[in-house]
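Step one of this worksheet: look at the structure below.
Lettering follows sequence order; numbering is per chain, from 1.
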Number of protein chains: 2
Amino acid sequence: MDTPFRLPPLDPPDAAEPGAPRRGHTAAILAAAERVFARGGFDAARMAEIAAEAGLPKANLHYYFGTKERLYRAVLEDIITQWLDAAAAWIVPGRPPAEALSGYIGAKLADARARPGASRIFAAELLGGARLVMPFLAGELRRRVSEMSAVIDEWAARGLIDRIAPAHLFFCIWAMTQTYADFDVQIRAVLGPETTEDETFAAAAATVTQLVLRGCGVRA
Amino acid sequence: MDTPFRLPPLDPPDAAEPGAPRRGHTAAILAAAERVFARGGFDAARMAEIAAEAGLPKANLHYYFGTKERLYRAVLEDIITQWLDAAAAWIVPGRPPAEALSGYIGAKLADARARPGASRIFAAELLGGARLVMPFLAGELRRRVSEMSAVIDEWAARGLIDRIAPAHLFFCIWAMTQTYADFDVQIRAVLGPETTEDETFAAAAATVTQLVLRGCGVRA
DNA sequence: GACCGGGTTGACCGCGCGGTCAAGAACCTG
DNA sequence: CAGGTTCTTGACCGCGCGGTCAACCCGGTC
């Protein structure tokens, strides 16, 4: 369930890491790093800024994480770990498609709202060519998608939904839900200041589920 | 039609700019800049790299564009200019909804395929908080969306499609089509090396149009 | 050819940032 | 309290990058 996902080590194998204490501070650093990386991605982030946000001297971050890249990797692992299970919880053969799909969409939208920084960091990583998460994409994620695709295909075979390319259906669901985290500036700017966040996410949920449920021809 | 969109000047009003020549080289610089900005966004881009890619000494870029930020702004203006008209060409009241929507989706997907860099630069700009394009989002784009929303609402009023929140419909269409440019690493990794680009985009077009047309309940 | 102005360029500069370090503080363990 | 180990931190360093500059090239004009 919450086994942390490990990005394969890049160059030197992740440093001794003895049974050391590594107490409280690391959590504060990770949280601050997630916030800072979320605005502007890896290159725009400043170690000094993360340190300030965490209320610690810069040298302390280096004590715990060594380099900026390793801190970044730790943040990414956190995000991936949290992500991998949302899909597995909803897209299962037993569940009726209407419930599974709308539940999944709702969960993804709620996540986009609650933790937009995570989504944005991942987006920036992909935009930048996915140098770090490539192994995850081609490995674990690919495997998960093919499992979930089997579920979709089975629903179609049982006549519960229309035929559709399952992988692309997921690409579309991810795109639509995460756009509300990644590009929320655009959404807020277009909808204008008079639209509340509640309204936005309610309309988003209605629209996305309508597109997906009817688009897949889900029988009620 | 192709009136270049101008981002409002930031600090000093865009430098004298006399009736000067400004010949060929600027185009080469802009093209190189688009390519370099596309991988990694503003901060990751190096002026020296752009110069190398354009086959010019770095000092030459500064001669034409002054600062990195101004060069970046020029690239963004290029992109926005090209973008504004795709929607206006397809989403018009006269056209039957099925044709308009599938045409628009096709055009956006073709653009994502042909010029992924442009989409990625814009995505990175939004992720980074849209410091430069904010006026565009809240101004011109917002206006266009409300115009296009009127078209959607009119189709719904005439019973040609179901009721749907028009702005969110556009957010979803943009998200689904641009994901094929922005996150193509992820898509390629998940689909695996045996899937060709042609297959990918054919399936993408089929899936997105199916979701949108049926999702909106477009009558044939 | 002399002059001029836009264009071109290699060499240079300053600073901001990631990373280091060495001198302690704090905390265990006997 | 002595000795060792884990943390903490201000001060420092080097380099990579955006930006500058002054010398130069070159086509046009009289």
Side-chain angles (χ1 to χ4, degrees), chain A residues 10-12 14-37 39-76 121 124 128 131-132, chain B residues 10-12 14-37 39-76 121 124 128 131-132:
Chain A
L10 223 20
D11 253 8
D14 224 22
E17 177 145 21
R22 313 268 140 148
R23 304 183 312 238
H25 282 173
T26 62
I29 295 172
L30 281 172
E34 181 172 319
R35 259 172 290 144
V36 174
F37 281 131
R39 32 178 206 262
F42 182 83
D43 292 87
R46 304 286 146 227
M47 287 300 270
E49 199 182 346
I50 298 174
E53 195 120 343
L56 290 166
K58 183 166 64 96
N60 204 313
L61 315 205
H62 282 101
Y63 177 75
Y64 282 114
F65 292 94
T67 71
K68 186 184 183 185
E69 179 165 330
R70 268 215 270 272
L71 173 54
Y72 178 64
R73 176 143 29 124
V75 171
L76 271 180
I121 290 171
R131 270 175 325 160
L132 278 181
Chain B
L10 222 21
D11 253 6
D14 222 21
E17 176 144 22
R22 312 269 143 145
R23 305 185 310 240
H25 282 175
T26 61
I29 295 172
L30 281 172
E34 181 172 319
R35 258 171 290 143
V36 174
F37 281 131
R39 33 177 204 263
F42 182 83
D43 292 86
R46 304 285 147 230
M47 288 298 270
E49 199 182 345
I50 298 175
E53 195 120 342
L56 289 167
K58 183 166 64 98
N60 203 311
L61 313 205
H62 282 101
Y63 176 75
Y64 281 115
F65 291 94
T67 71
K68 185 185 184 185
E69 178 165 330
R70 267 217 269 273
L71 172 55
Y72 178 65
R73 174 143 32 122
V75 171
L76 270 181
I121 290 172
R131 268 177 325 160
L132 277 181

Gap between atoms [atom1] and [atom2], on [X] and [N] respectively (whole Å):
X: Tyr72(A); N: dC17(C); atom1: OH; atom2: P; value: 19 Å
X: Tyr63(A); N: dG18(C); atom1: OH; atom2: P; value: 21 Å
X: Asp43(B); N: dG16(C); atom1: CG; atom2: C1'; value: 13 Å
X: Leu61(B); N: dG18(D); atom1: CG; atom2: C1'; value: 11 Å
X: Lys68(A); N: dG16(D); atom1: NZ; atom2: C1'; value: 13 Å
X: Ile50(B); N: dG18(D); atom1: CD1; atom2: P; value: 8 Å
X: Phe65(A); N: dG18(C); atom1: CZ; atom2: C1'; value: 16 Å
X: Tyr64(B); N: dT9(C); atom1: OH; atom2: C1'; value: 13 Å

Legend entry - Heavy-atom closest contact (Val75(B) atom, Ala33(B) atom, distance):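 Looks like CG2-CB, 3.7 Å.
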
Inset, instruction - Can you label the angle between the Phe37(A) ring and the Phe42(A) ring as parallel, tilted or perpendicular, going by 30° and 60°? - result: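 Correct class here is parallel.
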
Inset, instruction - Scan Ala45(B) against the nucleic acid and name what it touches under 4.0 Å (heavy atoms): base, sugar-phosphate only, or nothing. - result: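 Since only primed, P, OP1 and OP2 atoms lie under 4.0 Å of Ala45(B), the category is sugar-phosphate.
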
Legend entry - Phosphate-side-chain proximity, His25(B) and dT8(C), N/O vs OP1/OP2 below 4.0 Å: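 So the side-chain polar atoms of His25(B) do come within 4.0 Å of the phosphate oxygens OP1 or OP2 of dT8(C), strictly under.
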
Inset, instruction - Please check the phosphate of dG16(D) (OP1 and OP2 only) for any side-chain N or O of Arg46(B) closer than 4.0 Å. - result: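 For Arg46(B), the contact criterion (side-chain N or O under 4.0 Å from OP1 or OP2 of dG16(D)) is not met.
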
Legend entry - Residue pair Leu71(A) / His62(A), side-chain heavy-atom distance below 4.5 Å: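 Result no, sub-4.5 Å side-chain heavy-atom pair not found.
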
Legend entry - Note, Ile50(B) side chain near Leu56(B) side chain (heavy atom, < 4.5 Å):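 Not touching, per the 4.5 Å side-chain cut-off.
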
Inset, instruction - Would you jot down, in residue-number order, the residues of residues 52-60 of chain B having a non-hydrogen atom under 4.0 Å from DNA chain D? - result: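 Residues of residues 52-60 of chain B under 4.0 Å from DNA chain D: Lys58(B), Ala59(B).
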
Inset, instruction - Verify, without hydrogens or angle tests, whether Lys68(B) (side chain) and Arg46(B) (backbone) share a donor-acceptor contact under 3.5 angstrom. - result: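 Looks like no, no N/O pair under 3.5 Å.
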
Inset, instruction - Any chance you could lay out the side chain to side chain contact (heavy atoms under 4.5 Å, CB included) test for Tyr72(B) and Thr67(B), step after step, and finish with the verdict? - result: CA-CA 9 Å; Tyr72(B) 178 65; Thr67(B) 71; over 6 Å; no

Inset, instruction - Just grab all the salt bridge (charged side-chain N to carboxylate O under 4.0 Å, His left out) pairs involving residues 51-60 of chain B, residues at least two apart or on different chains. - result: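 Matches after skipping sequence neighbours: Arg35(B)-Glu53(B), Arg39(B)-Glu53(B).
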
